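This report refers to the structure that appears directly beneath it.
Everything numeric here is computed off the predicted structure, so don't read it as measured data. Along the sequence shown, residues are numbered consecutively beginning with 1.
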Amino acid sequence: MQQDSPIQALQRQRMLLQMEYYAEKETFRKQTEAIGMRRKVKRGDAWFPLKVGKRFYNGMNQLCVEVFRTRDQDIEHNFEFGRPLLFFRQGEGDKAPLRYYSFTATVSYVDGDRMVVAVPDSAPLPELQGATDPVGCQLSFDETSYQMMFDALDRAIKAKGTRLAYLRDLFYSRQKAGRFSFAPLRLPWLNPTQEKAVNEVLWAKDVAVVHGPPGTGKTTTLVEAINETLMRESQVLVCAQSNMAVDWISEKLVDRGINVLRIGNPSRVNDKMLAFTYERRFESHPDYPQLWAIRKAVRQLRNGRRNGSENFHQKLDRLKSRATELEIRINAELFAEARVVASTLVGSNSRVMEGQKFATLFIDEAAQALEAACWIPIRRASRVVFAGDHCQLPPTVKSFAALQAGLGKTLMERIVANKPEVVTLLKVQYRMNEEIMRFSSDWFYRGEVESAPQIRYRGILDYDHPMVWIDTSDEAAAAQGIARSSTDTPSGHSQNTVEQPALPPAGDGNKPGASSFHEQFVGESFGRINKGEAELTLKTLEDYLTKIGRQRVLDEQIDIGIISPYRAQVQYLRGLIRKREFFRPYRRLVSVNTVDGFQGQERDVILISLVRANEDGQIGFLRDLRRMNVAITRARMKLIILGSAATMSRHPFYKKLFEYIQGICREAD
C-alpha cells in the first residue's frame with residue numbers, strides 16, 4: 001500500500017480530529033442534559049452551591065470574579081487554568097431546572113476551594129452576586145482548544161518553503177535528520193545514558209527524542225539539556241500537555257537559577273509558582289501603575305455620562321493608544337529578560353506570544369499529547385526535542401472510531417518509528433526495587449532498563465515480598481473469609497494467605513451479592529466498582545501498616561498510594577477511608593486516585609485495585625497495557641495488586657504478570 005504524503009497524512013489527522021470534536025461535543029451535550037447536578041459535582045465537573053466573592057480587574061485587564069466552593073470540598077475537581085465554564089442558578093429542590101447565564105467564563109486560577117474566573121465585561125456580575133437562588137458553575141465544552149488544533153494543522157498543511165514545511169516533511173518520512181558534529185560534553189553527575197541524551201539534544205539540528213521509562217530521571221535529563229542549550233541560545237520554549245507537567249519542569253528550572261516566564265497560571269498556586277507567571281511579572285513591572293491608571297481612566301470615561309462631549313472619542317482613543325503602547329513595551333521587556341518561556345501546548349498560542357520565535361522547542365510528556373496539539377508551538381521553532389514515554393499513558397481520545405483510525409498515535413511515536421536514530425532510551429531507574437521494575441523492563445523496554453545499585457534491594461520490612469498479587473477469584477475462599485495470595489500453589493494450598501475482612505451485608509438498594517468480589521456497573525461515565533475488593537484493599541493496607549508500626553510510618557513519613565483504573569472505585573475507597581478511625585493518623589500519607597491521577601508520581605507503597613471480576617474474562621480498557629505500566633511502576637518498595645486472577649489472566653499480559661509475581665514469591669520462600 002502506498003504511503004500517504006505528509007500533507008495527506010496531516011489532512012487525515014484533521015479529519016480524525018473533526019470526528020473527535022463532534023464525538024466529544026455530543027457526549028458533553030448528553031451528559032449536560034442527562035446527568036444530575038449531584039453527579040456532576042461528584043465527577044468534579046461542577047461546583048454547587050457557590051459563594052460569589054469580590055469582582056476586580058486583573059493585570060491583563062480582564063474582569064474577574066472570585067467564587068468559593070462551600071460543599072463537597074474533599075472531591076477532586078477538574079477545574080484548571082484556561083478551561084471554559086458556565087454559571088447557573090437553581091430554584092428549590094434537586095428537580096428544579098437549571099437556569100444558565102448567557103456568558104461563558106474562563107478559569108484564571110484555582111487554589112483549593114477558591115477559584116478566580118475571568119468573565120466578559122458585559123457579564124451581569126451584580127445579578128450573579130445578588131442571586132437569591134443557589135448559584136453554581138460547571139465546565140463547558142472547550143471549543144477554543146479544538147479551534148487552535150485545527151488552525152495548527154491547517155498551517156502545517158499549507159506551509160511551503162518554510163521551516164515548518166521542512167519539519168512536516170521530515171517528521172513524516174524516513175529522511176535522515178540533520179546533526180551537528182562536535183566533541184561530546186562530559187557530564188559526570190549524570191549516568192551514561194542521561195549524558196548521551198543531553199549530547200544527542202545538542203547535536204540535533206532538527207529533532208531529538210528523549211525516551212524516559214518510569215524512574216529514569218527524564219526531568220533531570222531534560223533540565224540539563226535545556227541548561228546546556230541555553231549556553232548556546234538566548235532563549236528556548238518549553239511546553240507540555242498539562243499545566244501540572246509545565247509547572248513541574250518550570251520549578252526544576254527555577255531551582256537551577258534559570259529565568260522562567262510562565263505563560264498561563266500554574267495549577268499549584270503558591271508564591272514560588274506565581275512569582276514567575278507572566279501576569280505577576282506584568283503587574284510587578286515599573287510601568288504597570290501608569291498603565292493601570294490609564295485603564296481605570298478608560299473605564300471611568302466609558303461608564304461616565306458622555307453629555308455629547310465633542311472630545312469624548314478623541315480622549316478615549318488617545319488613552320487607549322497610550323495603554324497599548326505601554327502594554328507592548330512591558331511585554332517586550334518581559335520576553336527579552338526570560339531565558340525559558342514555558343506554557344501548555346495550547347497556551348503557546350496565547351495573545352501575549354504573538355510574534356515570538358525560538359530556535360529550540362522542548363515538548364515534555366510528548367507521548368500524552370495529540371499530534372495536532374504539538375503542531376501549535378512547532379510553528380514557532382526551528383528544531384524540536386520530544387521527551388516522554390510512549391509506553392505509558394496515551395492521549396485521551398473519546399471517539400472510538402477516531403482512536404481505531406489512528407488519532408491516538410502521537411507525533412513522538414511517529415518519529416520514534418520513522419527515525420530510531422534520533423531516540424535515546426534512558427536505561428537506569430532510581431525509583432523501584434529491582435523485582436518491581438524487572439517485569440515492566442522486560443515487557444515494555446526489551447529488558448534494557450536496569451536498577452541503580454543503591455535502590456536495587458530497597459524495602460520497608462525485612463524478608464518482605466516487594467510484589468504481591470492477592471487473588472480475589474476464589475469465591476469459596478472468600479465465603480470462608482480467606483482470599484488466596486499470589487503464592488498459592490496449583491493444588492490450592494496457600495503458602496501465604498491474607499485474611500479477608502468481615503464484609504458488610506449487601507444494602508443500600510444494591511443487588512444481592514454486591515459485597516462479594518464481583519464487579520458492578522455504575523453508569524457509562526463512571527465505570528465499575530467492586531465493593532468486596534475495596535474492603536479487602538483497606539484491610540490489606542491496615543494489616544501492612546500495623547506490621548510496620550504506627551510510629552515508624554509517621555516518623556519516616558512512609559507514603560502510600562491506592563490506585564484503581566475506575567473512578568467509581570476511587571470514590572468508594574475514599575469514602576471508606578474517611579469512615580475508618582484506623583486511617584485517621586495516616587490521612588496525609590494515603591492518597592487514592594485513578595491511574596491518570598498518579599502519572600508522574602511515586603509512593604513507598606502502592607496498592608492497585610483492578611476491580612474487574614466476571615465470568616466472561618472481560619477487562620474493558622485494562623487491555624490498554626500502557627495504563628497498567630504506569631500503575632505497576634509507581635511503587636518504590638512495595639506493590640500489592642488485588643484482583644481476580646481468573647478474570648485478568650485470560651489476557652496474556654496479566655497472566656504473565658501473575659506468574660511472574662508467583663515466581664518471585666516462591667523463590668523468596
Side-chain angles (χ1 to χ4, degrees), residues 176-177 179-232 238 240 245 248-249 252-253 256 360 362-368 383-393 410 412-413 415-458 599-600 602 626 629-630 632-634 636:
K176 291 285 183 193
R179 278 169 65 90
F180 296 107
S181 55
F182 49 81
L185 280 184
R186 307 307 307 163
L187 303 166
W189 52 93
L190 300 180
N191 70 46
T193 52
Q194 290 174 330
E195 183 179 271
K196 180 177 186 293
V198 173
N199 277 299
E200 290 292 344
V201 167
L202 299 177
W203 287 328
K205 275 185 184 174
D206 304 318
V207 63
V209 176
V210 179
H211 182 187
T216 52
K218 172 180 66 68
T219 303
T220 301
T221 308
L222 200 55
V223 167
E224 204 61 55
I226 292 168
N227 192 50
E228 289 299 331
T229 302
L230 288 172
M231 302 289 185
R232 296 154 178 78
V238 176
W248 181 246
I249 190 86
K252 298 296 177 191
L253 291 165
R256 287 290 291 267
T360 305
F362 290 86
I363 301 180
D364 194 14
E365 301 293 7
Q368 282 183 262
R383 67 180 192 129
V384 190
V385 178
F386 296 90
D389 180 10
H390 49 285
C391 301
Q392 292 189 64
L393 284 182
T410 63
M412 176 174 155
E413 276 183 275
I415 291 162
V416 168
N418 286 345
K419 296 178 177 29
E421 70 278 3
V422 306
V423 182
T424 308
L425 176 70
L426 303 180
K427 296 183 180 179
V428 182
Q429 69 87 19
Y430 298 89
R431 176 185 299 163
M432 293 160 271
N433 177 292
E434 164 73 19
E435 288 180 347
I436 297 174
M437 180 277 306
R438 177 52 44 208
F439 182 82
S440 172
S441 175
D442 290 347
W443 187 279
F444 293 100
Y445 308 105
R446 304 180 300 278
E448 291 184 54
V449 179
E450 299 293 336
S451 300
Q454 63 268 33
I455 58 95
R456 186 164 292 169
Y457 303 108
R458 74 190 318 184
Q599 170 75 357
E602 57 187 72
R626 294 171 294 184
N629 186 32
V630 172
I632 65 175
T633 54
R634 301 303 97 194
R636 300 185 193 106

(request) Using the side chain to side chain contact (heavy atoms under 4.5 Å, CB included) rule, pick out the option among Ile415, Val210, Val209 that qualifies with Val423. (result) Val209
(message) A side-chain contact here means heavy atoms from C-beta on lying under 4.5 Å apart; do Phe386 and Val207 qualify?
(response) yes
(request) Please report the shortest heavy-atom distance between Pro213 and Asp389, naming the atom on each side. (result) CA-OD2, 3.6 Å
(message) Do Glu195 and Glu200 make a side-chain contact, defined as non-hydrogen atoms from C-beta onward lying under 4.5 Å apart?
(response) no
(request) Report yes or no: do Gln429 and Thr216 form a side-chain donor-acceptor pair below 3.5 Å? (result) no
(message) Could you measure the distance from the CG atom of Leu253 to the CG atom of Leu222? Nearest 0.5 Å is fine.
(response) 8.0 Å
(message) With a 4.5 Å cut-off on side-chain heavy atoms, are Met432 and Val449 touching?
(response) no
(request) Answer yes or no: is there a side-chain heavy-atom contact under 4.5 Å between Tyr457 and Glu434? (result) no
(message) Out of the candidates Gln368, Arg626, Glu413, only one should pair with His390 under the side chain to side chain contact (heavy atoms under 4.5 Å, CB included) rule; please name it.
(response) Glu413
(message) Does any part of the side chain of Phe444, heavy atoms only, come nearer than 4.5 Å to the side chain of Gln392, both counted from C-beta?
(response) no
(message) If I compare all heavy atoms of Thr193 with all of Val428, which pair ends up nearest, and what's the gap?
(response) OG1-N, 4.3 Å
(request) Side-chain contact test, heavy atoms from C-beta onward, threshold under 4.5 Å: evaluate it for Arg634 versus Arg431 and give yes or no. (result) yes
(request) In sequence, state the C-alpha distance, the side-chain angles, and the governing distance for Asn191 and Tyr430, and then conclude on side chain to side chain contact (heavy atoms under 4.5 Å, CB included). (result) CA-CA 11 Å; Asn191 70 46; Tyr430 298 89; 2.7 Å; yes
(request) Find the distance between NZ (Lys427) and NZ (Lys196) and round it off to the nearest 0.5 Å. (result) 8.0 Å
(message) Other residues, nucleotides and ligands only: do more than 12 of their heavy atoms fall within 6.0 Å of CZ on Arg232?
(response) yes
(request) Could you walk me through whether Val416 and His211 pass the side chain to side chain contact (heavy atoms under 4.5 Å, CB included) test, one step at a time? (result) CA-CA 9 Å; Val416 168; His211 182 187; over 6 Å; no
(request) Please name the pair of heavy atoms, one in Arg383 and one in Thr360, separated by the smallest distance, quoted to 0.1 Å. (result) NE-OG1, 2.8 Å
(request) Of all the heavy-atom pairs spanning Thr221 and Ala197, show the shortest one and how long it is. (result) CG2-CB, 3.8 Å
(message) Set out, in order, the CA-CA distance, both residues' side-chain angles and the distance that settles side chain to side chain contact (heavy atoms under 4.5 Å, CB included) for Asn227 and Glu224, then state yes or no.
(response) CA-CA 5 Å; Asn227 192 50; Glu224 204 61 55; 4.2 Å; yes
(message) For Arg456, is there an ion pair with Glu435 - N to carboxylate O distance below 4.0 angstrom?
(response) no
(message) Measuring only between side-chain heavy atoms, which start at C-beta, is Ile249 closer than 4.5 Å to Thr219?
(response) yes
(message) On a heavy-atom basis, which atom in Ser440 and which in Asn629 lie closest, and how many Å separate them?
(response) OG-OD1, 2.7 Å
(message) Contact between Lys218 and Glu365 at the side-chain level, heavy atoms closer than 4.5 Å - yes or no?
(response) yes
(request) State, to 0.1 Å, how close Leu426 and Gly212 come at their nearest heavy-atom pair, and which atoms those are. (result) CD1-CA, 4.1 Å
(request) Measure the NZ-CD1 distance between Lys252 and Ile226 for me, rounded to the nearest 0.5 Å. (result) 13.0 Å
(message) Let me confirm one number: the CG-CG distance from Leu202 to Leu185, rounded to the nearest 0.5 Å.
(response) 5.5 Å
(request) Could you tell me the separation between the NZ atom of Lys176 and the CD atom of Glu421, rounded to the nearest 0.5 Å? (result) 4.0 Å
(request) First locate atom CG of Asn199, then atom CZ of Arg186, and finally report the distance between them rounded to the nearest 0.5 Å. (result) 8.0 Å
